[in-house]
Amino acid sequence: MQRILSAGLGVLAMAAAAACAPPRTPAPAPAPQPASTGTAAAAATPGEAAEFIAQTEAELRGLSLLANQAGWTAATFITVDTEAMSAEAQKNLAVAVQVRALAARRFDDVALPADQRRKLNLLKLALVAPPPGNPEEAAELSRLQASMGADYGRGQYCRTGGECLDIGAVARIMATSRNEAELRDVWRGWNAVGAPMRPRYTRFVELSNKGAAELGHRDTGAMWRAGYDMPADEFSAEVERLWQQVRPLYVSLHAYVRQRLAQQYGPNVVPANGLIPAHLLGNVWAQEWGNIYPLVAPRNAAGPGYDLTELIEAKKLDAVQMTRFGERFFTSMGFDSLPATFWQRSQLVQPADHEVVCHASAWDIDDEQDVRIKMCITPTAEDFVTIHHELGHNFYQRAYRGQPMLFRNGANDGFHEAIGDAVALSITPDYLRQVGLLNRVPPAAADTALLLRQAMDKVAFLPFGLMVDKWRWGVFSGEITPANYNAAWWELRNRYQGIAAPVARSEADFDPGAKYHIPANTPYMRYFLARVLQFQFYRSLCREAGYTGPLHRCSFYGSKAAGAKLQAMLEAGQSRPWQETLYLATGERTMDAGAMLEYFAPLKEWLDRQNQGKPVGW
Ligand code: X8Z
Ligand code: ZN
């Protein structure tokens, strides 16, 4: 999550910032002009374009600050009032961007310097949910988003007997329980959170599509796909290419995990050659499976020798101490430490006395020093890694602070999601020993176990990362209609993940609504891209640090050379096409799963040996 997006309200895909000075009075936006192809428009000049861009950046800075402040307050203190104030602020920002994006068409045929042309293009693609021109509809769209976001944050499953579980409690049970009936019950209970959102989501899609059409896009999904410095159709093909690269690795992992789960729960629950029931994978969305690692640990090989959750518990690390580990990783590479306000203003633990959105996010409130994270940290390996993920966003935000406002964003949104993860790949046994969390580095014989533990999160996620927006692209395009929202969701989960709902589903359910990014309207393909990109970044930073051994054992902790390389990539923000930034950072010109496959190559061989003579695929 990042910047305005981090408001969890899905207003902008772009950078937005505000000076630490009080918000300026917005410059009046020029009235939208007829499209450049029209004959009536007066010829615009490059000078007017420059002035228009400067005014736009100033106006959006002020409105972004207000939207961020309101969004933060709504997410960390859910009430009807904070929800309403946030909806209003997000609407004001979104409408201003929409008006400006339409007005920018006036310069479509004007010869402009490349950076100005890029800024206008980015402006036109900045909105994640573009509001329709009709003010009532724009306000309705914003209210729908704020209300779905708040409902998700308040979501609970009340078990028979009266005990109510919020997402944290649900996550704990899904991670640790091995009781199939209990897992099934909690899985069903959490997914019920989505159902009441269905009519609002349906209307949200209509309104957002209307706004996208006014900008000249086929639908909102087409607009999202247009944001990757390449034609939208090419982007879809790129995603498919990456999936085909990693699919064999996923299928091998799936087959092995299915086999072991069948032994645990019996063939009536887990069929030998079919779909794995979604409630047995350690996570309520079955998106990452690391929590059930003990159930699939290699029988005849050395174990990893440690469990990071146990190390954190043994040291009794609290949320601040865990976050300090993340900060120290970045400072060890030469980055400045986080400002005092980060520690004063972040929400690191779940408050006991009011409702919040616990889903982790990173915020850049004012485009200056005021970066924060919002989490409900628990002493687990999962949250330790997520802290690094979130700090990656904050260090990115600080690094591109020197760019003009319209360039203050990730090179593409997958980059933003990949930075902290690339750093977290360096949490190796040797790193844990260096920072005093582990006494003895396990022998090389433990590598298979460590790689399997890692694959349970990194590889397992891939098809989920892909299918969420396959679903949403279909929803926005109309290919998936409200009458089959849930069926289409499960068809994709069956096809890509090879998993099945553990209980009968129907169109009375709306399971996508029980996944944060759907009510929050955060595009999801970024996480799929990030899974691939993070290994590219990691490999490149390892090389920069002078590391030459097997990729999975590398940690670039403490490497100033790697830090300088990372800083150069981050500070460019979105100022040039991501392909150029990627090339400078990695020497590679395309997103490519080669580094990920190299990392997991020893595991792939091992998995294929385990799967010999057993069913593979579904
Ligand atoms: O939403 C997130 C981050 C915040 S940007 C915690 N992630 C996705 C998810 O939780 O579904 C990180 C991995 C995928
Ligand atoms: Zn993120």
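Keep in mind that this is a model prediction, so the values were computed, not measured. Hydrogens, waters and symmetry mates are skipped; everything else that's a heavy atom, side chains included, is used.
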- Please examine the side chains of Y524 and K515, heavy atoms only from C-beta on, and report whether any two atoms are closer than 4.5 Å. yes
- Item | R472 to W224 six-membered ring, cation-pi geometry met (6.0 Å, 45°) | no
- Query: Just checking, any donor-acceptor pair under 3.5 angstrom between side chains of D383 and T378?
  - Reply: yes
- Query: Can you find a side-chain donor-acceptor pair between H389 and E417 that sits under 3.5 Å?
  - Reply: yes
- Message: Checking S361 against W363: is there a side-chain donor and acceptor pair closer than 3.5 Å?
- Response: yes
- R159/E182 salt bridge by N-O under 4.0 Å criterion: yes
- Query: Between T73 and Q69, is any side-chain donor less than 3.5 angstrom from a side-chain acceptor?
  - Reply: no
- Message: Could you tell me if R531 sits above the aromatic ring of F461, with its cationic atom closer than 6.0 Å to the ring centre and no more than 45 degrees from the axis?
- Response: yes
- Item | V357 vs Y516 side-chain heavy atoms within contact, under 4.5 Å | yes
- Message: Assess the residue pair F325 and F329 against the criterion (ring-ring contact (aromatic ring centres under 6.0 Å, His included)); give the C-alpha distance rounded to whole Å, side-chain angles, the decisive distance to 0.1 Å, and a yes or no.
- Response: CA-CA 6 Å; F325 274 98; F329 200 111; over 10 Å; no
- From the list N494, L462, L492, side-chain contact (heavy atoms from CB on, under 4.5 Å) with M467 holds only for L492
- Task: Check the surroundings of atom CZ in R203: do more than 12 heavy atoms from other residues, nucleotides or ligands lie under 6.0 Å from it?
- Result: yes
- Message: Assess whether a salt bridge exists between E390 and K374, defined as any Lys/Arg side-chain N lying under 4.0 Å from an Asp/Glu carboxylate O.
- Response: no
- Can you tell if the side chain of V423 reaches within under 4.5 Å of the side chain of F537, non-hydrogen atoms only? no
- Any chance you could measure F342, atom CZ, to R372, atom CZ, to the nearest 0.5 Å? 10.5 Å
- Query: Are K470 and Y496 in a cation-pi contact, defined as NZ or CZ under 6.0 Å from the six-membered ring centre and within 45° of the axis?
  - Reply: no
- Can you list the steps and then say if D413 with Y228 is a side-chain contact (heavy atoms from CB on, under 4.5 Å)? CA-CA 9 Å; D413 55 7; Y228 292 91; 2.8 Å; yes
- Under 3.5 Å, is there a donor-acceptor pair between the D511 and Y485 side chains? no
- Do Q90 and S86 pass the side chain to side chain donor-acceptor pair (under 3.5 Å) test, and can you show the C-alpha distance, the side-chain angles, and the key distance before you say yes or no? CA-CA 6 Å; Q90 313 305 324; S86 177; 3.2 Å; yes
- Counting N and O atoms only, with roles assigned by atom type, does the side chain of W190 sit under 3.5 Å from a partner on the main chain of A514, one being a donor and the other an acceptor? yes
- Query: Got N291 and M174 here, is their nearest side-chain heavy-atom distance under 4.5 Å?
  - Reply: no
- Query: Do D364 and R401 have side-chain heavy atoms sitting under 4.5 Å apart?
  - Reply: no
- Can you check whether K458 reaches L425 side chain to side chain, under 4.5 Å on heavy atoms? yes
- Query: Is there a donor in the side chain of H517 and an acceptor in the side chain of Y527, or the other way round, less than 3.5 Å apart?
  - Reply: yes
- Has E479 got more than 12 heavy atoms of other residues, nucleotides or ligands less than 6.0 Å from its CD? no
- Query: For R218 and S477, what are the C-alpha separation, side-chain angles and deciding distance, and is it a side chain to side chain donor-acceptor pair (under 3.5 Å)?
  - Reply: CA-CA 8 Å; R218 219 167 45 215; S477 76; over 6 Å; no
- Message: I'd like to know if the side chain of D166 pairs up with that of Y157 as donor and acceptor (distance under 3.5 Å, no hydrogens or angles considered).
- Response: no
- Message: Is there a side chain to side chain donor-acceptor pair (under 3.5 Å) between D370 and T341? Walk through the geometry before answering.
- Response: CA-CA 6 Å; D370 193 353; T341 50; 4.7 Å; no
- Query: Does any N or O in the side chain of R198 come within less than 3.5 Å of the main-chain N or O of P482, such that one atom is a donor and the other an acceptor?
  - Reply: yes
- Query: Just checking, is any N or O donor in the side chain of T380 or T309 under 3.5 Å from an acceptor N or O on the other one?
  - Reply: no
- Item | Side-chain donor or acceptor of Q347 paired with backbone N/O of M375 under 3.5 Å | yes
- Message: For W187, does the six-membered ring have the charged nitrogen or CZ of R184 within the cation-pi criterion, i.e. under 6.0 angstrom from the centroid and within 45° of the normal?
- Response: no
- Side chains of I365 and L65: closer than 4.5 Å at any heavy-atom pair? yes
- May I ask you to say whether D469 pairs ionically with R526, meaning some side-chain N is under 4.0 Å from a carboxylate O? no
- Strictly by modelled atom types, are E491 and N484 linked by a side-chain donor-acceptor pair under 3.5 Å? no
- Message: Within the structure provided, determine whether E163 and C158 are in side-chain contact (heavy-atom separation under 4.5 Å).
- Response: no
- Query: Are the aromatic ring centres of Y400 and Y396 under 6.0 angstrom apart?
  - Reply: yes
